[in-house]
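Below: one structure, written as structure tokens.
Within every chain, numbering begins at 1; the chains are lettered A, B, ... in the order of the sequence lines, protein sequences first and strands thereafter.
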Amino acid sequence: QVVANPEQYIKHPLQNRWALWYFKNDKTKSWTENLRLISKFDTVEDFWALYNHIQQPSKLNYGCDYCLFKDGIKPMWEDERNKLGGRWLITLNRQQRHNDLDRYWMETLLCLVGESFDEASEDVCGAVVNVRPKGDKLAIWTSNCQNRDAIMTIGQLYKERLSLPMKALIGYQSHDDTSSKSGSTTKNMYSV
Amino acid sequence: GTRIIYDRKFLLDCRNSP
């Protein structure tokens with residue numbers, strides 16, 4: 001009697017169900033109309049099926065975004081689980097679109113679906129990649145900008161996973177500051 | 001409680017397995 005090995009047919013469950021959103025920059029439509037849910041997944045296999053199926057960020061048009069958020073959290077500041085939070089922001093220069101953008105984005109997704117930030121993974125809401133002419137941006141959003149320990153853990157591990165040089169500081173900004181900023185720059189609450 | 005974590009090597013290996 002042959003007993004099949006479950007390892008071969010059972011999909012590997014993720015800790016969370018995730019939703020991948022796509023934002024298309026269509027000036028004729030409202031912001032929320034331009035935000036579209038692509039698909040949700042909760043296994044490793046379904047993550048790769050989706051990831052392998054869609055365009056890489058470097059191929060998107062200017063003004064477009066990908067957002068991966070835990071199921072039930074909308075990729076916007078106003079969401080209940082975002083409004084008290086903030087984001088670790090990584091700004092890329094133009095050359096990095098060719099060299100780094102796609103691999104940084106994949107690494108970001110692996111960090112999220114793999115729950116790579118120990119207990120601090122609880123604080124993660126999602127991640128966003130913005131494709132912009134002046135320079136692309138990557139960010140990991142967390143739920144509470146006062147949770148310093150969790151935020152610092154996420155920032156340090158994220159920097160390591162992207163192999164960013166130690167001297168290249170990245171900053172964490174609260175959504176509150178970002179949404180109410182007067183000048184072009186938002187002050188950082190933390191940096192690492 | 002327990003947390004289901006996957007390291008990057010495992011995730012990348014899964015990408016290539018049929």
Side-chain angles (χ1 to χ4, degrees), chain A residues 4-18 20 41-54 56 68 70-71 102-124 127 140 150 153-154 157-164, chain B:
Chain A
N5 168 2
E7 188 55 37
Q8 271 139 8
Y9 60 86
I10 289 182
K11 290 184 183 180
H12 296 85
L14 298 176
Q15 176 70 27
N16 285 287
R17 173 186 291 267
W18 295 89
L20 183 68
F41 58 86
D42 57 10
T43 67
V44 174
E45 289 74 11
D46 292 345
F47 160 66
W48 284 120
L50 175 58
Y51 179 82
N52 294 335
H53 167 71
I54 56 174
Q56 289 293 316
L68 184 78
K70 287 177 181 173
D71 191 21
D102 292 341
R103 63 190 181 88
Y104 281 176
W105 176 240
M106 186 178 82
E107 201 63 43
T108 304
L109 298 180
L110 298 186
C111 285
L112 263 53
V113 303
E115 306 290 328
S116 304
F117 303 118
D118 306 323
E119 291 77 22
S121 298
E122 294 291 321
D123 274 55
V124 171
I140 287 185
T153 298
I154 293 168
L157 290 172
Y158 189 33
K159 237 182 118 169
E160 274 168 35
R161 281 290 288 267
L162 298 184
S163 331
L164 296 181
Chain B
T2 59
R3 176 174 299 111
I4 302 172
I5 63 175
Y6 293 101
D7 61 38
R8 85 188 291 283
K9 182 183 180 317
F10 184 91
L11 291 171
L12 292 172
D13 289 347
C14 277
R15 182 182 193 185
N16 307 321
S17 67

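Minimum interatomic distance between A:Val44 and B:Cys14 (heavy atoms only, all atoms of both residues): CG1-CB, 3.6 Å. Nearest approach of A:Met106 to B:Leu12, heavy atoms of both residues: CE-CD2, 3.8 Å.
Heavy atoms closer than 4.5 Å to chain B are found nowhere in A:Asn16, neither backbone nor side chain. Only the side chain of A:Tyr51 comes within less than 4.5 Å of a heavy atom in chain B; its backbone stays farther off.
Chain A forms more heavy-atom pairs under 4.5 Å with one residue of B:Ile5, B:Leu11, B:Asp7 than with any other, namely B:Leu11.
B:Tyr6 OH to A:Leu110 CG: the interatomic distance, rounded to the nearest 0.5 Å, is 13.0 Å.
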